[in-house]
Asker: 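Below you will find the structure I want to go over with you.
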Amino acid sequence: MNTGVRTLTAADLADGAADTPVLGDGAVLREPVLIVDLDGADESVAAAAAARVPALDRLVVGRASGPVPPVLAPLTAALDLTYAAGPDPADRAVVAAADVDAALAEFVACVDRFPQSALVAGQVVRITETLPVPEAIDVESLAYSTLQGGAEFGGWLDERRRLGRPLPPPPVADPVLIDRDGGTLRITLNRPERRNAYGTALRDALVEALRLPLLDDTITTVILDGAGPSFCAGGDLDEFGHTPDTATAHLIRTRGGAGRLIAALADRTTVHLHGHCVGAGIEVPAFAHRIAADPGTVFRLPEVTMGLLPGAGGTVSVPRRIGRWRALHLFVTGTALDAQRALEWGLIDEIRRSA
């Protein structure tokens, strides 16, 4: 294996080999990711290595050439994630890969391109793992605002601006449709011309719709779906960089976003997904009690590859469904997840065709 990244054994990790400063001269990140070879590790070494991990300032990723022995579970739980050969295990800390070294190389390459956003994403999913949802969303948003001032997002935004894309046009119809039948409220995202992108108009209309069942407990069931070819293609990229300032953006994300409301309504909410569910298109639904998806549904969380991290609640909702380890894999690599693997991981609860 030659990823250009230092590889330690579990014994090296236990002996403190990773306990080196992550910042070099000029605040340059040194070794933002390390690999730990788990092959041959025993229970006592794994326990000692696991005790070292929480104090480290970098991403620490495990590697196993076969299924991870159960005695290593304390170590895989402490690591940021582990790639292992074989089928996906019940252990959510492990991501199965047909080619472990290729999977590691892809992860490392993504961290190399966006080290700040990758590291912050790893920090956030650890910090928020046990926080209540509202507080966890606040942490996510504060981190997002921090990254908005970074060079990685700045470079991505400059490239978008060079394309000269204008702000999106106003909606041609109501951006969200509401239909009530007895105790059931159906909310439909209705900007198919933008693939239901989670832009200002759609977000604000969705928030207003979700306030109805919060105020009316005779609404016992909330069904959320989307019109057109995709449920939601994520944040409207043509709006990025147009919020007046990052402090205002933080307040909008946390007090004016849909994630907190779906979380509060989770027990009453079912979401029907189809097409491409990108960024907010899975971050917001993942708070719901039940998610059904069409067989061809594809999920992707590309924000780290833009110099950011999921900002619609995804660092909170997605890990609570699939674990922080597999969530970080999706965040850092931006890889697509199909409906079958999403079901196996618990990101969705059912695969079924829309009526």
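Just so we're clear, the structure is a prediction, and the values are computed from it rather than from any experiment. Keep in mind that the numbers below use all heavy atoms, side chains included, and drop hydrogens, waters and symmetry copies.
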Asker: Please check if the side chain of Asp174 supplies one atom and the backbone of Leu177 the other of a donor-acceptor pair under 3.5 Å.
Answerer: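 Flag not set: sc Asp174 to bb Leu177 has no pair under 3.5 Å.
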
Asker: So, the side chain of Asn196 versus the backbone of Ser230: is there a donor-acceptor pair under 3.5 Å, distance only?
Answerer: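 Yes, Asn196 side chain to Ser230 backbone: donor-acceptor pair under 3.5 Å.
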
Asker: Of Asp179, Asp181, Asp225, which meets salt bridge (charged side-chain N to carboxylate O under 4.0 Å, His left out) against Arg186?
Answerer: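 With Arg186 as partner, Asp179, Asp181, Asp225 yield a single salt bridge (charged side-chain N to carboxylate O under 4.0 Å, His left out), made by Asp225.
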
Asker: If you define the side chain from C-beta out and look only at heavy atoms, does anything of Val36 sit under 4.5 Å from Val61?
Answerer: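 Side chain of Val36 against side chain of Val61, heavy atoms only: no contact under 4.5 Å found.
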
Asker: Do Thr20 and Glu31 have side chains that approach each other closer than 4.5 Å (heavy atoms only, starting at C-beta)?
Answerer: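 They are in contact (side-chain heavy atoms under 4.5 Å apart), so the answer is yes.
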
Asker: Side chain of Ser141, backbone of Asp138: donor and acceptor closer than 3.5 Å?
Answerer: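 Pair absent, no side-chain N/O of Ser141 close to backbone of Asp138.
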
Asker: Regarding Thr188 and Asn190, do their side chains bring together a donor and an acceptor under 3.5 Å, going by distance alone?
Answerer: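 There is no such pair (donor and acceptor under 3.5 Å, judged by atom type) between the side chains of Thr188 and Asn190.
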
Asker: Excluding sequence neighbours, so at least two apart, what forms salt bridge (Lys or Arg N to Asp or Glu O under 4.0 Å) with Asp19?
Answerer: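 Listed in chain order: Arg52.
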
Asker: Excluding sequence neighbours, so at least two apart, what forms ring pair (Phe, Tyr, Trp, His ring centres under 6.0 Å) with Tyr144?
Answerer: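 Partners of Tyr144 under the ring pair (Phe, Tyr, Trp, His ring centres under 6.0 Å) test: none.
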
Asker: Between the side chain of Gln148 and the main-chain N/O of Thr246, is any donor-acceptor distance below 3.5 Å?
Answerer: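 No; judged by distance alone, with no hydrogens or angles, the pair does not exist.
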
Asker: So does Ala136 get a backbone contact from the side chain of Thr128, meaning a donor-acceptor N/O pair under 3.5 Å?
Answerer: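 Answer holds: no.
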
Asker: Counting only N and O atoms by type, is there a donor-acceptor contact under 3.5 Å from the side chain of Thr315 to the main-chain atoms of Gly311?
Answerer: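 Here the side-chain-to-backbone pair does not exist.
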
Asker: Is the gap between the ring centers of His276 and Phe231 under 6.0 Å?
Answerer: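 No; Phe231 has its ring centre 6.0 Å or more from that of His276.
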
Asker: What I want to check is whether the side chains of Trp325 and Asp80 have a donor and an acceptor closer together than 3.5 Å.
Answerer: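 Their side chains do not contain a donor-acceptor pair, so the 3.5 Å distance test is not met.
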
